[in-house]
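A quick note: this is a predicted structure, and the numbers were derived from the prediction, not measured.
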Amino acid sequence: MQIRLAMRQMQQMSASDSDGAPQLHQLRVVAANDADEHAHNLTGWEQRYDQISAGPFSGSLVERRLDDMQVFCEHTSQAVRQSCNVWPDAIWFGMPLRVESAIRINGRRSTEHSLLVRPGSREFELLTPPDYAIYGMVIPEPRLQSLAAQLGCRIDWQALHEAELLRAEVRDYSRCAMLLRQLLAIDPAPPALPARPVAQGAILSFLLNLLDNSEVDNRMSRSLSRRRQVVAAAHDYVLAHHEEAIGMPELCAQLGVSRRTLQYCFEDVTGISPLQYLRAMRLNGVRRQLQRAGDAPIADIASAWGFTHLSQFAADYRQLFGVCPSQSRSR
């Protein structure tokens, strides 16, 4: 709620057009009512969002580009599957604001005060809960390495490349989050901001100190790795054959697993059942096509995604997105 209030207060502060990239140091504030539209609002990222939980979607982004880093705060109202990829020679760090519901990065559940991390040019997946908010930082790796050498930080960069979660000290995590909150003016009545170069340097220093003292958590059980592979194979197969409305028995036969195993895999990796997850992926595919397909009949688009019973399709669509299919087209 605090983030949404701050967003409304800052709409007039945005110094750039919502469709364009922000200029250096200027605050950019963007809102969206569609998950896939929201995915394209973050400057420089390659992203695809699929809404998973039911209800109208709202997303907000507060972003600032500095001399050699990007900082932002993102909020989404519904559970979302995010396929993300940041630009080359950079590292992304994510600091969730709340941990009431688990965030999954490549199938792994985050814990309180865990820093999410992925290098550039490596696609990764986030499964985020409803009412999700996160601070993000994208920093060129050469800049980070140079500053680490100057400050005498001992960081295993190879381990960092392979990491997904870093277990941080609570104090370091909280102070870094406080600086980001101030720099992005998230507080309704923020304290006076320090000069931007000082704020940027302070964030980098705290981040490096956090990395220097954090524990890289690269541990992944063989069972989780196997279940991730099953979920990824199911996701890819269903989307590749979306017009056929693949049933669970056929999918299990294709993957060589039992229905119970498939259920366990999806519950462990995504937190929801395979039927709910895969139906949501197909409904999101319909939504994208509806918004881009001009005057093509809704029945034809639904059928192309395996929905042959139009009344049930319309009910499922309305339940997931909070609007009927024709309203998605009218947008």
Side-chain angles (χ1 to χ4, degrees), residues 34-36 38-39 47-59 76-84 100-110 124-132 223-224 226-290 301-325 328:
D34 175 81
D36 205 41
H38 179 70
Q47 298 195 113
R48 178 188 179 112
Y49 285 9
D50 293 292
Q51 181 177 332
I52 296 176
S53 65
F57 176 89
S58 63
T76 48
S77 63
Q78 298 295 341
V80 174
R81 176 190 181 268
Q82 305 182 11
S83 176
C84 311
E100 290 86 351
S101 300
I103 298 162
R104 288 174 166 84
I105 177 168
N106 290 339
R108 301 183 64 193
R109 294 167 63 98
S110 67
F124 62 95
E125 178 189 79
L126 292 177
L127 287 169
T128 61
D131 195 24
Y132 159 80
S223 61
L224 177 58
R226 168 60 179 160
R227 290 175 181 180
R228 279 179 56 181
Q229 293 174 7
V230 170
V231 170
H235 176 273
D236 293 345
Y237 185 80
V238 168
L239 290 190
H241 302 82
H242 57 75
E243 71 283 354
E244 301 175 18
I246 305 298
M248 290 298 106
E250 179 183 349
L251 183 59
C252 290
Q254 179 66 32
L255 301 177
V257 298
S258 68
R259 186 159 188 160
R260 176 174 293 183
T261 296
L262 188 66
Q263 184 80 17
Y264 286 160
C265 289
F266 269 86
E267 289 179 351
D268 192 25
V269 174
T270 72
I272 59 178
S273 72
L275 189 64
Q276 181 183 356
Y277 177 93
L278 296 171
R279 182 191 293 121
M281 295 303 104
R282 290 163 54 223
L283 287 169
N284 277 270
V286 172
R287 185 172 175 86
R288 288 189 185 90
Q289 195 165 342
L290 281 174
I301 296 175
S303 178
W305 283 89
F307 296 102
T308 55
H309 302 286
L310 291 183
S311 60
Q312 185 61 54
F313 157 72
D316 290 344
Y317 191 98
R318 189 181 302 110
Q319 180 182 29
L320 180 59
F321 300 116
V323 296
C324 64
S328 293

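- For the residue pair P129 and I103, the shortest heavy atom distance occurs at CD-CG1, 3.8 Å.
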Per-pair distances, 0.1 Å, donor-acceptor, side chain in residues 313-320, under 3.5 Å, sequence neighbours excluded:
unit_1, atom_1, unit_2, atom_2, d
D316, OD1, Q312, NE2, 2.9
Y317, OH, R287, NH1, 3.3
Y317, OH, S328, OG, 2.4

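- Between Y132 and V80, every side-chain heavy-atom pair lies at or beyond the 4.5 Å cut-off.
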Would you tabulate the side-chain donor-acceptor contacts of residues 267-276 under 3.5 Å, counting partners in other chains and residues two or more places apart, or write 'none'?
unit_1, atom_1, unit_2, atom_2, d
E267, OE2, Q263, NE2, 2.9
D268, OD2, R227, NH1, 3.2
T270, OG1, F266, O, 2.6
T270, OG1, I272, N, 3.3
T270, OG1, I272, O, 3.2
S273, OG, Q276, N, 3.1

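- Not one N or O on the side chain of H242 forms a donor-acceptor pair closer than 3.5 Å with the backbone of G306.
- With a 4.5 Å cut-off on side-chain heavy atoms, D50 and R288 count as touching.
- Counting heavy atoms from C-beta outward, P325 and L290 have side chains that approach closer than 4.5 Å.
- Taken from CD in E125 to CZ in R81, the straight-line distance is 4.5 Å, to the nearest 0.5 Å.
- Between R48 atom CZ and D36 atom CG the span is 6.5 Å, to the nearest 0.5 Å.
- Two residues are said to be in side-chain contact when any heavy atoms from C-beta on lie closer than 4.5 Å; V238 and M281 fail this criterion.
- Summarising the geometry of G107 relative to L224, their closest heavy-atom pair is O-CD1, 4.0 Å, with the distance given to 0.1 Å.
- Residue pairs meeting the salt bridge (Lys or Arg N to Asp or Glu O under 4.0 Å) criterion with at least one partner in residues 247-259, sequence neighbours excluded, do not occur; the list is empty.
- Around atom OH of Y237, more than 12 heavy atoms belonging to other residues, nucleotides or ligands sit under 6.0 Å away.
- In this structure, L255 and V230 have side chains that are in contact, with non-hydrogen atoms separated by less than 4.5 Å.
- Interatomic distance, M248 CE to L278 CG, rounded to the nearest 0.5 Å: 5.0 Å.
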